[in-house]
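Here is the structure we will look at.
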Amino acid sequence: MYLINQAYIIFHRSLRVKKSQFHILRSLFISIKINCAPFEFEHISKMRGNGKSRRNNAGKVPRPQPVPATTPDADSDKLDLQTPKSTPAPIPIPRTVVPTLTPVPADMASPTTVNTCRRLLICSIGNPSPYEGTRHSAGHIFLHKLPSLLHPTNPHGSLSKSSTYKGLLLTHPTFTLFQSPTYMNTSGPAISHAWKTFLKQSCPTNYDRDRAHLVILHDELDKDGGKIKLKRGGSAGGHNGIESIAQSLGTKDFLRLGIGIGRPKGIGKDPKAVADYVLSPFNEYELKVLEERSLPMVVDALIRLSKEP
């Protein structure tokens with residue numbers, strides 16, 4: 001305002017206006033002064049306050065100003081930023097109770113922890129050379145094809161002579177293969193010896209012995225080529241090899257897996273005609289049917305037997 005007054009006086013002296021004009025200009029400057037008064041008052045108050053504050057607070061430690069209490073409003077985000085968040089209480093974790101395992105009796109424990117399948121002794125019966133490739137020796141033919149299908153870890157394994165079993169043998173944790181060295185009608189003693197040796201060497205506990213299976217691979221005259229027959233116990237059905245095994249074991253409670261070779265029409269049950277037929281070799285078509293149809297079914301049946309509970 002001081003500058004406005006000085007400007008007013010200088011303006012009045014320089015212009016030397018008339019009295020009426022002077023009063024008009026004076027009214028104009030007065031209105032400017034009134035309008036600017038609030039700003040001048042605020043400016044002067046701040047200047048005075050700052051000077052007084054500097055004089056009173058010289059050499060003193062400033063007093064901390066109280067933090068105004070915040071009141072919750074609609075803006076929840078601002079409220080969370082101003083007020084410290086409280087740390088949530090930790091959630092109690094329940095203690096896990098570990099059950100106590102009861103040890104399996106030694107008599108029931110399996111000797112290996114990996115193999116939990118039933119152990120199978122798969123024996124083929126038939127005739128030795130020169131009749132190994134005949135229909136009556138279908139069990140032998142199939143037995144020599146099983147290593148590559150049942151033993152994936154040793155696909156090139158083959159049967160070899162065993163002085164303990166007294167026949168051709170291929171051992172495996174689940175599938176043990178044995179070929180009877182005798183003629184069909186006298187298969188019983190060789191199979192009985194192989195079964196007892198198998199239980200002693202491969203099944204050291206009662207648990208394994210109770211679960212083990214004896215499976216006999218043989219030719220089945222009453223089944224067509226490309227079909228198989230799985231049977232446990234019962235009559236031998238006129239098969240001399242099965243009858244010999246039952247007599248040597250003293251029981252009929254064993255598995256028989258018959259491989260169908262078919263009974264030709266016209267031979268009936270004539271012993272001579274039947275003998276001539278079963279002692280003749282397979283033709284190419286019959287071998288192809290056996291390999292493509294019967295063999296996969298035999299492998300599947302053996303695997304299912306090993307996985308029985």
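As the structure is a prediction and not an experimental result, all values here were calculated from the model.
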- Query: Should Arg263 and Val274 be marked as a side-chain contact (heavy atoms from CB on, under 4.5 Å) after you check the CA-CA gap, both sets of side-chain angles, and the distance that decides it?
  - Reply: CA-CA 8 Å; Arg263 182 190 293 270; Val274 171; 4.1 Å; yes
- Take Ser306 and Phe175 through the test side-chain contact (heavy atoms from CB on, under 4.5 Å) and record every step on the way to the result. CA-CA 8 Å; Ser306 68; Phe175 307 101; 3.7 Å; yes
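Distance CG/Leu177 to OG/Ser158: 11.0 Å, rounded to 0.5 Å. The NZ atom of Lys229 sits 5.0 Å away from atom CD of Glu220, with the distance rounded to the nearest 0.5 Å. Of the inter-residue distances, the one linking Glu243 atom CD with Ser235 atom OG reads 7.5 Å to the nearest 0.5 angstrom. The line from CG of Asn240 to NE2 of His218 is 12.5 Å long, rounded to the nearest 0.5 Å. Taking CD1 of Ile141 as the start and CD1 of Ile259 as the end, the distance is 8.5 Å to the nearest 0.5 Å. For the atom pair CZ (Arg135) and CG (Leu279), the distance works out to 10.0 Å, reported to the nearest 0.5 Å.
Side chain of Arg118 to backbone of His213: no donor-acceptor contact under 3.5 angstrom is found. Side-chain N or O atoms of Ser137 include none that pairs as donor or acceptor with a backbone N or O of Thr134 at under 3.5 Å. In this structure a side-chain-to-backbone donor-acceptor pair under 3.5 Å is present from Ser187 to Met184. Of the possible polar contacts, one joining the Ser280 side chain to the Tyr277 backbone as a donor-acceptor pair under 3.5 Å is found. In terms of modelled atom types and a separation under 3.5 Å, the side chain of Arg256 and the main chain of Gly234 share a donor-acceptor contact. Side-chain atoms of His193 come within 3.5 Å of backbone atoms of Thr164 as a donor-acceptor pair (strictly under, hydrogens ignored). For the pair Arg209 (side chain) and Cys203 (backbone), a donor-acceptor distance under 3.5 Å is present.
Residue-environment remark: NZ (Lys231) exceeds the threshold of 12 foreign heavy atoms within 6.0 Å. Around CZ of Phe282, the count of heavy atoms belonging to other residues, nucleotides or ligands within 6.0 Å exceeds 12. Within a 6.0 Å radius of CD in Glu308, other residues, nucleotides and ligands contribute more than 12 heavy atoms.
Placement of Leu150 and Leu143 within a single hydrophobic cluster is found when ILVMFWY residues are connected by side-chain heavy-atom separations under 4.5 Å, directly or transitively. No continuous path of hydrophobic side-chain contacts links Phe254 to Leu305 [ILVMFWY only; heavy atoms under 4.5 Å]. Follow the hydrophobic side-chain contacts under 4.5 Å out from Ile261 and you reach Leu257 in the same cluster. Cluster annotation: Leu217 is not connected to Leu169 through the hydrophobic network of ILVMFWY side chains, with a link wherever side-chain heavy atoms come within less than 4.5 Å. Clustering ILVMFWY residues whenever any of their side-chain heavy atoms sit less than 4.5 angstrom apart, transitively, puts Ile228 in the very cluster that holds Ile122.
A 4.5 Å side-chain heavy-atom check between Pro173 and Ser202 finds every atom pair outside the cut-off. For the pair Leu221 and His239, the minimum side-chain heavy-atom distance is 4.5 Å or more. Side-chain contact between Leu214 and Leu249 is present, with heavy atoms from C-beta onward closer than 4.5 Å. Residues Gln179 and His144 are in side-chain contact: their nearest non-hydrogen atoms beyond the backbone lie under 4.5 Å apart. A heavy-atom distance below 4.5 Å is not found between the side chains of Leu199 and Lys196. Considering only heavy atoms from C-beta on, Leu302 comes within 4.5 Å of Leu146 through its side chain. Residues Ser180 and Ile191 are in side-chain contact: their nearest non-hydrogen atoms beyond the backbone lie under 4.5 Å apart. Taking the side chain as every heavy atom from C-beta outward, Val278 and Tyr131 never approach each other to under 4.5 Å.
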Return all side-chain donor-acceptor pairs below 3.5 angstrom for residues 288-300, not counting sequence neighbours, or 'none' if the list is empty.
residue : atom : partner : partner atom : Å
Ser294  : OG   : Gly226  : N            : 3.3
Asp300  : OD2  : Arg304  : NE           : 3.0

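The aromatic rings of Tyr165 and Phe178 lie tilted to each other, with the angle between the two planes from 30° to 60°.
Asn127 and His140 form no side-chain donor-acceptor contact under 3.5 Å, judged by distance and modelled atom types alone.
Pro181 and Ala190 get closest at one heavy-atom pair: CD-CB, 4.0 Å. Residues Ile242 and Ala236 come closest through the heavy atom pair CG2-CB, 3.9 Å.
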